[in-house]
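Right, one structure below, let's go through it.
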Amino acid sequence: MGRPTDVSQAASVVPDGVTIFDTTLRDGEQSPGISLDAREKVEIAEQLARLQVDVIEAGFSAASPGDFDAVKAVAEIVGNAPRAAQGPGGSQGESDHREPPVIAALARAIPADIEAAAKSLAPARRHRIHTFLSTSDIHRRYMLQASEDEILAQAVRAIELARTFTDDVEFSPQDATRTDFPFLVDIVAAAVEAGATTVNIPDTVGYALPHDFGGWIAELHRRIPDIAAKDVVISVHCHNDLGLAVANSLEAVRNGARQIEVAVNGIGERAGNCSLEEVVMAIRTRADLLGVDHALHTPELTRTSRLVSSLTGYSVQKNKPVVGANAFAHESGIHQHGVLADRLTYEIIRSEDVGADGSQIVLGKHSGRHAFFKAVEDLGFELDEAEAQNAFRRFKDLADRKGIVSSEDVAAIVIAETHVKAD
Ligand code: KIV
Ligand code: ZN
């Protein structure tokens, strides 16, 4: 990826919404070893609807008969069930219902795929065909053996065909970030002209760097006035090969992208996709800087993460931002002291805003007196000065040997100490 000419700073930020397009059931399912059947896809899609995701990419209909059936089942069931409207903080009006989510399916830019996608999506009240074609030199040479002109013509034909089935068509120039920028501009302009309502810029191999990527998004808007004139949404789909998927997505939003493609727990091809929970909490937490928000009901995040983890068999690492077991856990004495006084000293997200269990004070060798004596008090013990000194010393010895000291361990320490004294 290189800089297009005249890339300037972030485009002006307007206070409006970012569409959250979830691809857990399509790109997420492309993680090695994951295969979800129709029942499992419906269960996850129902949870995504509770989370208030805007678009659910349910699968790749032409990939297998099973995926066709799964997309159809999601379209029938989730694509027709209104979502209960919930405010960001969890308020829910009984009579207030939002439209069902848009259900999308992926299709290569060939008629058979587009027709399969259209057929499987037909039962959904609102549906989108997402068609894609590689545009980078390396993909064109080794995978497609096609010239830029041939690729452009094929993309236009695919979009026009998709538009005969639905007025909601998304086009992705695959490997966009390794595509010659002038050709990317040409194909995006042609896609808009052919009727694509969303044009997605995939960082297919996670190659982009944030500032550079943001510049490309701004420059596409500048060079193609029809994006604004026709209300076309520029979307991004960032892979995480360099650990930059969330950063790249945020930089794209700062530069005018209004859809981001994400997967729960960041699953997906290779190192995965932009993690849903991380990017939506980054946007919500720093809306002050970004000037945009989304409509997700974030208290459903932890439940969604756990469901996807259990149905895919992909566990979530403890230190995963937002939904990891340690996201609200504090081990060191200095941090514990602060959190016990006011959790905002070391937490930038309220645990209830992501549906997590709350702040946890974990006792270990870095813990201090505040946390230890709080645990003693919570267990209902009272110690005199000498008992407290000795109990704290025993606790530090045990923490050195054991790592984490449980409340049962604390009780045992206190009992041992008070018995010693009684003896
Ligand atoms: O990574 C990618 O390029 C994709 C496209 C199909 C959008 O998943
Ligand atoms: Zn992808």
Side-chain angles (χ1 to χ4, degrees), residues 1 19-32 34 55-64 67 71 102-110 112-114 116-117 121 128-140 142-144 151 154-155 158-159 162 168-179 183-184 187-188 191 196-208 213 216-217 220 232-246 248-249 252 257 259-276 278-279 312 314:
M1 186 176 190
T19 295
I20 303 298
F21 175 115
D22 181 274
T23 185
T24 306
L25 302 179
R26 197 279 296 168
D27 208 318
E29 202 201 16
Q30 289 172 216
S31 309
I34 298 183
V55 185
I56 297 174
E57 188 167 49
F60 190 166
S61 315
S64 72
D67 219 32
V71 173
V102 173
I103 309 299
L106 189 68
R108 285 168 297 177
I110 55 175
D113 275 29
I114 292 167
L121 289 169
R128 173 181 301 182
I129 296 176
H130 176 193
T131 186
F132 73 100
L133 187 58
S134 284
T135 49
S136 64
D137 278 1
I138 186 165
H139 281 211
R140 286 193 302 102
Y142 292 108
M143 294 161 64
L144 302 171
I151 293 291
Q154 186 180 343
I159 294 161
D168 187 348
V169 172
E170 174 169 332
F171 173 68
S172 290
Q174 197 179 28
D175 204 16
T177 52
R178 292 193 300 170
T179 298
F183 180 50
L184 188 65
I187 200 160
V188 170
T197 43
T198 299
V199 179
N200 180 43
I201 307 300
D203 184 23
T204 302
V205 290
Y207 182 61
F213 191 53
W216 279 38
I217 300 302
L220 285 172
V232 170
V233 171
I234 293 295
S235 164
V236 292
H237 173 108
C238 298
H239 277 272
N240 207 28
D241 300 65
L242 294 175
L244 291 171
V246 170
N248 284 331
S249 302
Q259 173 177 287
I260 45 182
E261 302 199 352
V262 296
V264 176
N265 299 334
I267 59 175
E269 286 278 2
R270 304 178 312 282
N273 284 89
C274 177
S275 150
L276 179 150
E278 293 177 25
V279 80
T312 59
Y314 268 50

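For ligands, and for the atoms within them, numbers begin at 1 and follow the listed sequence.
For the residue pair Leu184 and Ala176, the shortest heavy atom distance occurs at CD1-CB, 3.9 Å. Listed here is the closest heavy atom pair of Gly28 and Asn273: N-OD1, 4.4 Å.
Contact of the Glu170 side chain with the Phe21 side chain is registered, since non-hydrogen atoms from C-beta on lie closer than 4.5 Å.
Ligand 1 lies out of reach of Glu269, whose nearest heavy atom is not under 4.0 Å from it.
In this structure, CD on Glu269 lies 4.5 Å from CD on Gln30, to the nearest 0.5 angstrom. Atom CZ of Phe213 sits about 14.0 Å away from atom OH of Tyr207, to the nearest 0.5 Å. Between the CG atom in Asp203 and the CG atom in Asp241 there is a gap of 8.0 Å [rounded to 0.5 Å].
Restricting Asp27 to its N, O or S atoms, the one at the least distance from the Zn ion (ligand 2) is OD2.
If you number the atoms of ligand 1 from 1 as listed, the ones under 4.0 Å from a heavy atom of His239 come out as 1 (O). The Asp27 neighbourhood of ligand 1 comprises atoms 8 (O), with distances under 4.0 Å to a heavy atom of that residue.
Taking only nitrogen or oxygen atoms, main chain and side chain alike, His130 does not reach within less than 3.5 Å of ligand 1. Taking distance alone, with nitrogen or oxygen atoms compared against 3.5 Å, Thr204 approaches ligand 1 more closely than that limit.
Nearest non-hydrogen protein atom to atom 5 (C) of ligand 1 is Arg26 NH2, 4.0 Å. In terms of protein heavy atoms, atom 4 (C) of ligand 1 is closest to His237 NE2, 3.5 Å.
When distances to the Zn ion (ligand 2) are checked against a cut-off of 2.8 Å, Glu269 contributes no N, O or S atom below that limit.
Counted by atom type alone, Asp175 and Thr204 present zero donor-acceptor pairs between their side chains at under 3.5 Å.
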